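All remarks here apply to the structure that follows.
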There are 2 protein chains.
Amino acid sequence: MSSRSGADLALLLLGSYRNLVDEVVRELATRGYPDARPSHEYAIRAIRVGADSASDLARRLAITKQAAAKTIAALVERGYVTTETDPADIRRKNIRITDHGIGLITESTAIFDEVRARWEVRLGAAELAELETQLAQFVGDSPINLDAPGWAAGQELR
Amino acid sequence: MSSRSGADLALLLLGSYRNLVDEVVRELATRGYPDARPSHEYAIRAIRVGADSASDLARRLAITKQAAAKTIAALVERGYVTTETDPADIRRKNIRITDHGIGLITESTAIFDEVRARWEVRLGAAELAELETQLAQFVGDSPINLDAPGWAAGQELR
DNA sequence: TTGACCTGGACAACCAGGTTGACCAACGCT
DNA sequence: AGCGTTGGTCAACCTGGTTGTCCAGGTCAA
């Protein structure tokens, strides 16, 4: 009975995302990270897997370097990362994740997985896995990298 | 093989939503509505099903009335709705959707459905329907109304 | 009828998370 | 030595929200 409309589908997707993320943020707050925003988590994850400068982070998250710089400033302010100018290239400012930052993504990952596990209980493991595979199809043909939240879809390189 | 993480799931949901909505906005632009934003569509839909004042719209979208007022101002500016003070209650400003506004949601609905139809081809009708049912479960236990994009989750009444 | 409250709207200031645009200093390559 | 590319920064702006404050108009009870 596929009586649903395309507009409903959009709302379902957005709603699911918000429910999931809100839950994570709420839980993070109770575990000692009250000032953590979703964008912070995504940024730190990107840094962890290799984005070691503002420009680099910008490319990975598919945002402007100015936006990346702002995010990094916020991360520094909250003590999640530190920056220090690269001795080999004065221009660069290398980003390093602090223990506090490691703690954040560790907790965050755990909570994300906990929530996912709850969903798995309701849906069944096979069903959730299939749902993910299906969603991946819609995202997969996207021209931009997957591990980024802020893609501006249909934009050229910056 | 559910090797995916909870964080990935979030990105899949967000990515799917963005892909869908971006496609709609892009297509709307080519069909004579270049200035239409997703929030405009949601607002007009809410107005169409009964939100006839700013406060009312605010309640339905679960946003503040100030935010609703701003949205309405944007809609008026673009010619999608008009407002006129209620003769029976001087305070109220009744919202009426213009023909242009009707055109917008008509086109928008059609495009949303077109994109959904393309997804249906890739997934199969039964599978997409099931996916929607599953997503509805995650959204369904949300305390706030479904037809709203901007819910602030875990907030009291305003 | 008069006061006490509730409700619709508006003003102002602010925030997150982006965007453009202009610019400069440092690098790297020929 | 010179020129183009790259990393970073300042400034202004945008969207879609948020608080907080305020007031005029409506509603209801005593």
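Quick caveat, the model's predicted, so the values are computed rather than measured. Chain A is the first sequence line, chain B the second, and so forth, proteins listed ahead of strands; every chain is numbered from 1.
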Do any side-chain nitrogens or oxygens of [X] fall under 4.0 Å of OP1 or OP2 in [N]?
{"X": "A/Ser55", "N": "D/dG8", "answer": "yes"}
{"X": "A/Arg37", "N": "C/dG17", "answer": "yes"}
{"X": "B/Ser39", "N": "D/dT15", "answer": "no"}
{"X": "B/Thr71", "N": "D/dG16", "answer": "no"}
{"X": "A/Thr64", "N": "C/dT19", "answer": "yes"}

Rounded distance (Å) that lies between atom [atom2] of [N] and atom [atom1] of [X]:
{"X": "B/Leu57", "N": "C/dG9", "atom1": "CG", "atom2": "C1'", "answer": "13 Å"}
{"X": "B/Leu61", "N": "D/dG17", "atom1": "CG", "atom2": "P", "answer": "8 Å"}
{"X": "B/Asp22", "N": "C/dG18", "atom1": "CG", "atom2": "P", "answer": "14 Å"}
{"X": "B/Ile72", "N": "C/dG9", "atom1": "CD1", "atom2": "C1'", "answer": "10 Å"}
{"X": "B/Arg78", "N": "D/dT15", "atom1": "CZ", "atom2": "P", "answer": "7 Å"}

Discussion item. For B/Asp52, run the salt bridge (charged side-chain N to carboxylate O under 4.0 Å, His left out) check against B/Lys93, B/Arg92, B/Arg96 and tell me which one passes.
Written reply: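 Considering B/Lys93, B/Arg92, B/Arg96, a salt bridge (charged side-chain N to carboxylate O under 4.0 Å, His left out) with B/Asp52 is found only for B/Arg92.
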
Practice prompt. Under 4.0 Å between any heavy atoms, over every strand shown, what does A/Lys65 touch: base, sugar-phosphate, or nothing? Just pick one.
Written response: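 Here A/Lys65 touches the bases of the nucleic acid.
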
Worksheet item: For A/Ala67, which contact category applies under a 4.0 Å heavy-atom criterion: base, sugar-phosphate, or nothing?
Response: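 Base contact.
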
Worksheet item: For the residue pair A/Thr98 and A/Thr82, what are the closest heavy atoms and their distance?
Response: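 Heavy atoms of A/Thr98 and A/Thr82 come nearest at CG2-CG2, 3.6 Å.
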
Practice prompt. Report yes or no: is there a donor-acceptor pair, N or O only, under 3.5 Å between the side chain of A/Gln66 and the base of D/dG7?
Written response: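 Counting by modelled atom types and ignoring angles, no donor-acceptor contact under 3.5 Å is found here.
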
Practice prompt. Find which nucleotide of DNA chain C each of B/Asp89 and A/Pro38 is nearest to by heavy atoms, and output the residue with the more 5' nucleotide.
Written response: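 Upstream on the strand: B/Asp89.
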
Discussion item. Taking the nucleotide of DNA chain C with the nearest heavy atom to each, does A/Arg91 or A/His40 sit closer to the 5' end?
Written reply: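 By nearest-heavy-atom nucleotide position, the 5'-most residue is A/His40.
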
Item to complete: Find out whether B/Phe138 and A/Trp119 are in side-chain contact, i.e. whether some heavy atom of one side chain is under 4.5 Å from a heavy atom of the other.
Response: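 SC-SC contact between B/Phe138 and A/Trp119 confirmed.
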
